[in-house]
Every structure is written in structure tokens, then in C-alpha cells.
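Nothing here was measured: the structure is a model prediction, and the numbers come from that model. Residue indices begin at 1 and follow the sequence shown. These numbers come from the heavy atoms of this one structure, side chains and all, not from hydrogens, waters or symmetry mates.
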Amino acid sequence: MKFVGAQMLEFPEVGDERGKMVIVEGELDIPFDIKRVFYIYGSDADVVRGQHANRKSEFVLINVAGTSKVKVLDGKGNEAIFVLNRPHTGVYLPKMIWKDMYDFSEDSVLLCLSSEHYDAAEYIRNYDEFLQEINNK
Ligand code: TYD
């Protein structure tokens, strides 16, 4: 599997009469070793989260329940919107991409897998600063 830019991923799902299971293995199903897991729920439909880029962290976002959308901007004029609406699909977000998460359903549980431990200093929370760093590279 080749990972180029933000993209939807489909994960293996196994099911039998007992129910279903989705499997996500670091460095196999996603391009990084998983160092951090967090999940977001209880966000109202009109809330926009994210609104940052990360200098180091890569992410995979999976709506394990409910639905949401993720909008990404690369700072070079390209944008894409990903709909997360199935527990066996996710979106891969490389580092240095601006992201907004929004349109949360009431039952949304958004699982976030990250390549890095939390470090507030690697978050860029100002869009102009993001543009500057992207375009000065
Ligand atoms: P924030 O980055 O604003 O969340 P989102 O990306 O969904 O908009 O994080 C909310 C708060 O939680 C903020 O004060 C930082 C803190 N936080 C941690 O301490 N560790 C973490 O791994 C994350 C993701 C956030």
C-alpha cells in the first residue's frame, strides 16, 4: 500500500454471528506506528474542531460510531472533504496539512490514531503561520 497525501483507507473487517471486528495495525494498515489514541464525542453538529496543522504528527481518523466530515487544505490551493460514515474506513492525514472536523452526528465517536505523543509545540493553530511555513519550504 502506498500512502500519498490525505486519503481514505479501508480496513479489514471480520464478522460472524457474534458481531463485527475491524482491525487496524500500525505500520501495516496505516503508515505509522501508533503512539497515541484519543477519541472525540459529544460535539454538537455546528461545532468545528481541529483548525490546526501538525509539524510532526500524522493521523488516521475513524468514525467508529456515527458520522463526521474532515476538510483538509494543503496550503497550496488544494482542498478535499472526506466523509467518515463507516467504522471500517478512515482518513489518513499526513503532517503539515490543515484540518477541520465538522458535521458531527449526535452519536459520533471519532477515533484518532497518531504517530506522535502529544506536544503542543508541534501544533500550528494559526492559518497564516501554516501558509508561511508551507510556502517557505
Ligand atoms: P484540540 O487539539 O483543541 O482538539 P481538536 O483537535 O479536536 O480540535 O485539543 C483539546 C485540548 O486537549 C487542548 O487543550 C489540548 C488537549 N490535548 C491533549 O492534552 N492531548 C492530546 O493528545 C490532544 C489531542 C489534545
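For the side-chain contact (heavy atoms from CB on, under 4.5 Å) criterion with His117, the lone passing option out of Glu122, Lys35, Lys56 is Lys35. Residue Ile97 forms a side-chain contact (heavy atoms from CB on, under 4.5 Å) with just one option from Val72, Asn78, Ile134, and that option is Val72.
Enclosure of atom CD in Glu106 is not indicated, since only 12 or fewer non-hydrogen atoms of other residues, nucleotides or ligands lie within 6.0 angstrom. Other residues, nucleotides and ligands place more than 12 heavy atoms under 6.0 Å from the CE atom of Met8. The number of heavy-atom neighbours closer than 6.0 Å to OH of Tyr41, taken from other residues, nucleotides and ligands shown, is 12 or below. Shown here is Tyr39, whose OH atom has no more than 12 heavy atoms of other residues, nucleotides or ligands within 6.0 Å.
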Legend entry - Lys95 and Ser115: CA distance, side-chain angles, deciding distance, side chain to side chain contact (heavy atoms under 4.5 Å, CB included) verdict: CA-CA 10 Å; Lys95 62 185 174 182; Ser115 64; over 6 Å; no
Legend entry - Pair Asn54-Lys99, side chain to side chain contact (heavy atoms under 4.5 Å, CB included): steps then yes or no: CA-CA 9 Å; Asn54 292 77; Lys99 45 201 168 290; 2.8 Å; yes
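Looking at Glu129 and Arg55, a side-chain N of the basic residue comes within less than 4.0 Å of a carboxylate O on the acidic one, giving a salt bridge.
A distance of 6.0 Å or more separates the ring centres of Phe82 and Tyr92.
The minimum heavy-atom distance between Ser57 and Arg36, with the atom names listed, is OG-NH2, 3.7 Å. Scanning all heavy atoms of the two residues, the minimum distance from Glu27 to Asp33 falls at CG-N, 3.5 Å. Nearest approach of Asp107 to Ser105, heavy atoms of both residues: OD1-OG, 2.6 Å. Closest of all the heavy-atom pairs between Leu73 and Phe130 is O-CZ, 3.8 Å. Taking every heavy atom of both residues into account, Ser43 and Arg49 meet most closely at OG-CD, 3.4 Å.
In this structure, the separation between NZ on Lys69 and CG on Asp100 is 13.0 Å, given to the nearest 0.5 Å. In this structure, the separation between CE on Met101 and NZ on Lys71 is 14.0 Å, given to the nearest 0.5 Å. To the nearest 0.5 angstrom, Trp98 atom CH2 is 8.5 Å from Arg125 atom CZ. Note that the CD atom of Gln51 and the CD1 atom of Ile124 stand 14.5 Å from one another [nearest 0.5 Å]. Between atom CG of residue Leu93 and atom CD of residue Gln7 there is a gap of 10.0 Å, rounded to the nearest 0.5 Å. Considering NE2 of His88 and CD1 of Ile62, their distance stands at 11.0 Å, rounded to 0.5 Å.
By the rule that hydrophobic residues join a cluster once side-chain heavy atoms approach within less than 4.5 Å of another member, Leu113 and Phe11 end up as members of one cluster. Hydrophobic clustering, with ILVMFWY side chains joined whenever heavy atoms are under 4.5 angstrom apart, groups Ile30 together with Val22. Note on Val109 and Phe104: separate hydrophobic clusters, where clusters join Ile, Leu, Val, Met, Phe, Trp and Tyr whose side-chain heavy atoms are under 4.5 Å apart, directly or indirectly. Placement of Val37 and Val24 within a single hydrophobic cluster is found when ILVMFWY residues are connected by side-chain heavy-atom separations under 4.5 Å, directly or transitively. Hydrophobic clustering, with ILVMFWY side chains joined whenever heavy atoms are under 4.5 angstrom apart, groups Phe32 together with Leu111.
Taking the side chain as every heavy atom from C-beta outward, Asp29 and Leu9 never approach each other to under 4.5 Å.
Aromatic ring pairs are classed by plane angle as parallel below 30°, tilted from 30° to 60° and perpendicular above 60°; the pair Phe59 and Phe38 is perpendicular.
Neither side chain, Asp103 nor Thr67, offers a donor N or O lying under 3.5 Å from an acceptor on the other.
Between the Asn126 side chain and the Asp128 main chain, a donor and an acceptor come within less than 3.5 Å of each other.
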